[in-house]
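Reading through the structure tokens given below for one structure.
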Amino acid sequence: MKPTQGANKWWNRPFNKKIKWTTLEHNGVLFPPPYEPHGVKMLYDGQPVELPPDAEEIATMYASMMETDYVRKDRFNANFFKCFLKALPADHPIKDFTKCDFRPIWEFVKKRAEEKKLERKKPEVKKQLKEEKERLQQVYGYALVDGYLEKVGNYRVEPPGLFRGRGDHPKSGLLKKRIQPEDVVINIGHDVPIPKPPPGHSWKGVVHDNTVTWLACWQDSISGHMKYVFLAANSRFKGFADMQKYKKAQELKKYIDKIRKNYNEELTGKTLTERQRATAIYLIDKLALRVGGEKDPDEEADTVGCCSLRVEHLEFKDNNTVTFDFLGKDSMRYYNTVTLDPRAYKNLKEFCKGKKPGEQVFDTLTTQKLNDHLKSLMPGLSAKVFRTYNASITLQNELRNPSDQKTITPQDTINAKILYYNRANRMVAILCNHQRSIPKGHETQMEKLNQQKANVEKELEEVKAHLEWVKKGKKGKAPPNSFSDKPRTDSVERLEKKVETLEKRLENLYTKLTLKDEGKTIALSTSRINYMDPRITVAWCKRMEVPLEKIFAKSLLAKFPWAMEVPSTWEF
DNA sequence: TGCGCGACTTAGAAACTTTCTG
DNA sequence: CAGAAAGTTTCTAAGTCGCGCA
């Protein structure tokens, strides 16, 4: 089948919720290269030991992680060692983790990586690698869906490795097994060529399910969950759903007064069930909490959301104030002290009364019940819509009337406009608790900037003194010059110019220092990609005469084509 | 009718690429 | 103009949610 000519303006085409496609063609998935044994021996009890290839592969996985924090965790080491032993014959001398020394392999891996890096710098090698990457992209990177060529998101099968769970994960360090074609199910249209599995292999299965959007799937050996190969974010499958998400959040704006009235009334409801439900929805709305489903402590890290909050996560203060302190998604800490509606405060206290720290606050509530209730208030409403709604409305408000500074005009510089947008974006990220770890070397970079600042300040002082000295007729000794061996100019004009340059540089340094430090733990990208309605940004850029590509990277521009046509006056 | 699980969205870290700066 | 920093993409873990099945 040949691709349809003409632009794929999927947002103008109808999309059936149930039947996702009528024809589907693609070339399957790309497997990682097989493991090649290197023969470098690890030490056991100080002696070099022979390892079968499977065990060597696992040992090498561990060795290549020796500079990460993972290997300092007992659980990671224990889980790794259990899997490592399983790959060794029963009569193998290795029995005790503490006698293992993986450093020879670590050194080998490090050296090999450096050599590879050096090799890749050579222009001819660079070119060859680029061409090979493009060739694979051509083969596996596209699917033909209902006649339109669409990009595939993740066509590479995940390589084996030691599981890197987030936070204190019970399974961290376990071996994530190599996926074989025999593990992979292909989903593809009827009457089109079925992708060939690698020679000597066969697929686990081939299905033709047009009610789903995945092209291939396999079972993850760590969690037992399915992993899927999907189309990219700019595809109709992903894009249409994303557009619907923002339209639903916008729909919530029409219902929000009614919904807030409802839960405010139910905060003093007759039944405990009602009060718990109302209090949870209040928190989800006010604090942008996730709904918080149940988790299995043997399978997953201990993290919570709203419904799964425990007594130990709340600390009651005076004046209706509560401190929330818990680990949320990805084990990111949510730490926030907030003053609540007195009724909500009273309810939370009531729910916690007489319970042990490890008990659930909302013991009569489930995510199912909460979402069922939301559906009775607005069609299709669920807890996560509140995050999208509140993120979007916050961005819009902060761009239109910022809470902590004066608004910007089209006459301001492009740099000022970008900083202004980022500040609004930062408010959203804080609301959603989108964090990142402090970038590597942040402290050194801050020190460096501070040193620069001190230097510029000192130089400015000296130049100013010199200028003064010249203006007053060069009486006495010239002021010190710590920044050059050559004597400083005596030209008033050039000295004044120098003062100006230094002052400008100093101002830039001040802004940079503040922004860098304030933003060191805040991730802006998550809200930009997933939460803030792109139409708000498009309209603002039009009003402020900011080229959209200054705000949205190439991939985001490609993800939101449906949002581009809104007028500058558009409102969420 | 509750609940497990399939399918899909959301998440930060790591890897890679581009831009800035001294 | 090289090395650092900033920006962007890739990777895959970790959530949400609705549906189908007992």
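Sequence lines set the chain letters: A, B, ... in the order given, protein chains first and strands last, and positions in each chain run from 1.
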Which nucleotide in the set [options] lies at the smallest distance from any side-chain heavy atom of [X]?
X	options	result
A:Arg436	C:dG20, B:dA13, B:dC8	B:dA13
A:Lys20	B:dC8, C:dG20, B:dT17	B:dC8
A:Asp330	B:dC8, C:dC17, B:dG12	B:dG12
A:Phe163	C:dT12, C:dA13, B:dA7	C:dA13
A:Lys554	C:dT12, B:dT17, C:dT9	C:dT9
A:Ala383	C:dA13, B:dA7, C:dC17	C:dC17
A:Lys375	B:dG6, C:dG18, C:dA13	C:dG18

Would you tell me if any nitrogen or oxygen in the side chain of [X] comes within less than 4.0 Å of OP1 or OP2 on [N]?
X	N	value
A:Lys384	B:dC8	no
A:Thr213	B:dC8	yes
A:Ser555	C:dT9	yes
A:Tyr531	B:dA11	yes
A:Lys227	B:dA7	no
A:His169	C:dA14	yes
A:His434	B:dA11	yes
A:Ser525	B:dA11	no
A:Lys329	B:dT9	no
A:Ser382	C:dT16	no
A:Ser437	B:dA13	yes
A:Lys238	B:dT9	yes
A:Asn530	B:dT9	no

Just call it for [X]: base, sugar-phosphate, or nothing, with non-hydrogen atoms closer than 4.0 Å on any strand.
X	value
A:Gly292	sugar-phosphate
A:Lys295	sugar-phosphate
A:Thr367	nothing
A:Lys130	nothing
A:Gly153	nothing
A:Lys550	nothing
A:Gln435	sugar-phosphate
A:Arg290	sugar-phosphate

How long is the line joining [atom1] of [X] and [atom2] of [N], in whole Å?
X	N	atom1	atom2	result
A:Asp372	B:dT1	CG	C1'	11 Å
A:Phe237	B:dC8	CZ	C1'	13 Å
A:Asn154	B:dA15	CG	P	18 Å
A:Tyr334	B:dA11	OH	P	14 Å
A:Arg156	C:dA13	CZ	C1'	19 Å

Charged tip of A:Arg236 within 45° of A:Phe240 ring normal and under 6.0 Å:
no
Cation-aromatic face contact A:Lys238/A:Phe230, 6.0 Å, 45 degrees:
yes
Which sits closer to the 5' end of DNA chain B, A:Tyr70 or A:Gln368, going by the nucleotide each is nearest to?
A:Gln368
Taking for A:Arg387 and for A:Arg120 the nucleotide of DNA chain B with the nearest heavy atom, the one nearer the 5' end belongs to A:Arg387
Answer yes or no: does atom NZ of A:Lys295 have more than 12 heavy-atom neighbours from other residues, nucleotides or ligands under 6.0 Å?
yes
Does either side chain, that of A:Asp242 or that of A:Gln244, offer a donor lying less than 3.5 Å from an acceptor on the other one?
no
Where A:Asn371 and A:Ala383 come nearest, the two heavy atoms and their spacing
OD1-N, 2.9 Å
Heavy-atom closest contact (A:Glu150 atom, A:Val145 atom, distance):
CG-CG2, 4.0 Å
Residue pair A:Arg164/A:Glu294 against DNA chain C: nearer the 5' end by closest nucleotide is A:Arg164
Mapping A:Gly167 and A:Val291 to their closest nucleotides on DNA chain C, which lands nearer the 5' end?
A:Gly167
My understanding is that only one of A:Phe386, A:Tyr255, A:Tyr389 makes a side-chain contact (heavy atoms from CB on, under 4.5 Å) with A:Leu381; could you say which?
A:Phe386
So, are A:Glu57 and A:Arg178 salt-bridged, with charged N and O less than 4.0 Å apart?
yes
